[in-house]
Amino acid sequence: YDDTCRVVLDGQEQKNNFSLIQNLTFSLDSKNLAYKGRQKIDGAKKWTVVHNGKKHNPYDHIFTLIFSPDSQHLAYVAAKDRQMVLVLNGHEQPPQDQYGLPVFALNSKKLAYSVRKDNNFHVVINSDAGPEIDKIYKFYHSYDSSRYAYVAAIDNEWHCIVDGEIGPGYQLIDSFKFSLDSSHYAY
C-alpha cells in the first residue's frame, strides 16, 4: 500500500493521502465535497470519508455517500466490526445487522432508512421506527415532504404502508405515486 493518492480540488492538492480514492460527490449547491479514501491502518485496509477536508472515522467498507437536497447533511452506511452503522453528519447511529440506503425528504428535514436486527426489519424516519416487516421494496417521500410511503412484505404479502398505516396485502405491488400536492396517492 502506497498512500500517494490525493484529491485535487479546483487545481489545489488536498492534504489527505490514500492508496485509493472513490466516489467524489458534490452537494447540490456545489459548496461541499465528500469522498471515500482507502488506507492501511494498523495493518488492515480501512475506508474513511473526507467531508470538506475533514476525515471521519475509519470503517471496513463504506457505501454510497448521500447529501441532503439542501446540501446541509451528509449520510452514508458503513460496515464496522461485522455490523453496520448509519453515519449522519459524522455521527454514528447504533450498530445494526443491516442498514438500508438513507433517503432524505425534499425539504431535507426527514431522513428515512431501513434497519435489520435479528431478522426483524423496520423503516425508521427521524429515529421513529415503523412496524415490523419482512422486507422492504421501495421508499417514497411526498413532494412537499409531509408524507411518506413504502412497499413492504409482511407474512408473504406485499403491503403499501402510507404515513405508518399498513394497507391490504397483495401478491405484488410494483409502483407507487403521490400526487403533486401530496393529498392523494396511488399504487
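Just so you know, these numbers use all the heavy atoms, side chains as well, and skip hydrogens, waters and symmetry mates. Heads up: numbering here begins at 1 and tracks the sequence.
Distance alone, capped at 3.5 Å, is enough to place a donor-acceptor pair between the S145 side chain and the L106 backbone. Side chain of H159 to main chain of A152: no donor-acceptor pair is present (N/O by atom type, distance under 3.5 Å, no hydrogens or angles). No side-chain donor-acceptor contact under 3.5 Å links E92 to the backbone of G90. A donor-acceptor pair under 3.5 Å is absent between the side-chain atoms of D118 and the main chain of N120, judged by distance alone. A donor-acceptor contact shorter than 3.5 Å links the side chain of H122 to the backbone of G130.
Within the model, atoms CG of L33 and OG of S27 stand 8.5 Å from one another, a figure rounded to the nearest 0.5 Å. Between the OG1 atom in T48 and the CD1 atom in I62 there is a gap of 6.0 Å [rounded to 0.5 Å]. Considering CD of E132 and CZ of F121, their distance stands at 10.5 Å, rounded to 0.5 Å.
Residue L74 forms a side-chain contact (heavy atoms from CB on, under 4.5 Å) with just one option from N32, V49, L88, and that option is V49.
In the model, Q96 has no side-chain atom that pairs as donor or acceptor with a side-chain atom of Y113 under 3.5 Å. Donor-acceptor pairing under 3.5 Å is lacking for the side chains of N126 and K110. For the residue pair Y76 and H56, a side-chain donor N or O sits within less than 3.5 Å of a side-chain acceptor on the partner. For the residue pair D174 and Y137, a side-chain donor N or O sits within less than 3.5 Å of a side-chain acceptor on the partner. Using modelled atom types, one finds a donor on one side chain and an acceptor on the other under 3.5 Å when comparing D144 with S182. Side chain to side chain, Q39 and K55 meet the donor-acceptor criterion of an N or O pair below 3.5 Å.
For the pair D163 and Y148, the minimum side-chain heavy-atom distance is below 4.5 Å. For the pair I161 and I133, the minimum side-chain heavy-atom distance is below 4.5 Å. With contacts defined as side-chain heavy-atom distances shorter than 4.5 Å, the pair C5/N17 does not qualify. Within the 4.5 Å cutoff, side-chain heavy atoms of W158 are placed close to those of V151. Counting heavy atoms from C-beta on, the side chains of Y140 and K177 never come closer than 4.5 Å. Put simply, the side chain of K138 does not reach to within 4.5 Å of the side chain of Y150, judged on heavy atoms. In this structure, the side chains of F18 and R38 stay at 4.5 Å or more apart for every pair of heavy atoms. Counting heavy atoms from C-beta on, the side chains of V87 and Y99 never come closer than 4.5 Å.
Linking ILVMFWY side-chain heavy atoms closer than 4.5 Å, directly or via other members, places L20 and L9 in two distinct hydrophobic clusters. If you chain together hydrophobic residues whose side chains sit under 4.5 Å apart, V77 and V85 never meet in one group. Taking hydrophobic clusters as Ile, Leu, Val, Met, Phe, Trp and Tyr residues chained together by side-chain heavy-atom distances below 4.5 Å, Y59 does not share a cluster with I41. Y143 is not connected to I125 by any chain of hydrophobic side-chain contacts under 4.5 Å among Ile, Leu, Val, Met, Phe, Trp and Tyr, and they are in different clusters.
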Worked verdict on L111 versus V103 for side-chain contact (heavy atoms from CB on, under 4.5 Å): CA-CA 6 Å; L111 178 65; V103 179; 5.8 Å; no
Audit row: I136, V123, side-chain contact (heavy atoms from CB on, under 4.5 Å) steps and yes/no: CA-CA 8 Å; I136 181 167; V123 169; 3.3 Å; yes
Worked check of side-chain contact (heavy atoms from CB on, under 4.5 Å) between Q14 and R6: CA-CA 6 Å; Q14 303 301 293; R6 284 187 179 188; 5.6 Å; no
Derivation and outcome, side-chain contact (heavy atoms from CB on, under 4.5 Å), residues N23 and T64: CA-CA 8 Å; N23 298 107; T64 304; 6.0 Å; no
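The aromatic rings of Y187 and F176 lie parallel to each other, their planes meeting at an angle below 30°, with 60° marking the opposite boundary. Between H141 and F139, the two ring planes are perpendicular [angle over 60°; tilted spans 30° to 60°]. Between H61 and F63, the two ring planes are perpendicular [angle over 60°; tilted spans 30° to 60°]. Taking the six-membered ring where tryptophan is involved, the planes of H73 and F104 are essentially parallel, since the angle between them stays under 30° and well short of 60°.
The number of heavy atoms from other shown groups lying within 6.0 Å of NZ (K135) does not exceed 12. For N156, the CG atom counts as loosely surrounded, since its 6.0 Å shell holds 12 or fewer non-hydrogen atoms of other residues, nucleotides or ligands. Remark: E165 CD is loosely packed, at most 12 non-hydrogen atoms of other residues, nucleotides or ligands lying under 6.0 Å away.
Between S71 and D29, the closest heavy-atom pair is OG-N, 3.0 Å. Taking all atoms of both residues into account, the shortest heavy-atom contact from S142 to S146 is OG-N, 3.2 Å. Between I66 and P102, the closest heavy-atom pair is CD1-O, 3.3 Å. Between C160 and I173 the shortest heavy-atom distance is N-CD1, 3.6 Å.
Here F67 and H51 bring their ring centres to under 6.0 angstrom of each other.
Residues D60 and K46 are paired through a salt bridge, judged by an N-O separation under 4.0 Å between the basic side chain and the carboxylate.
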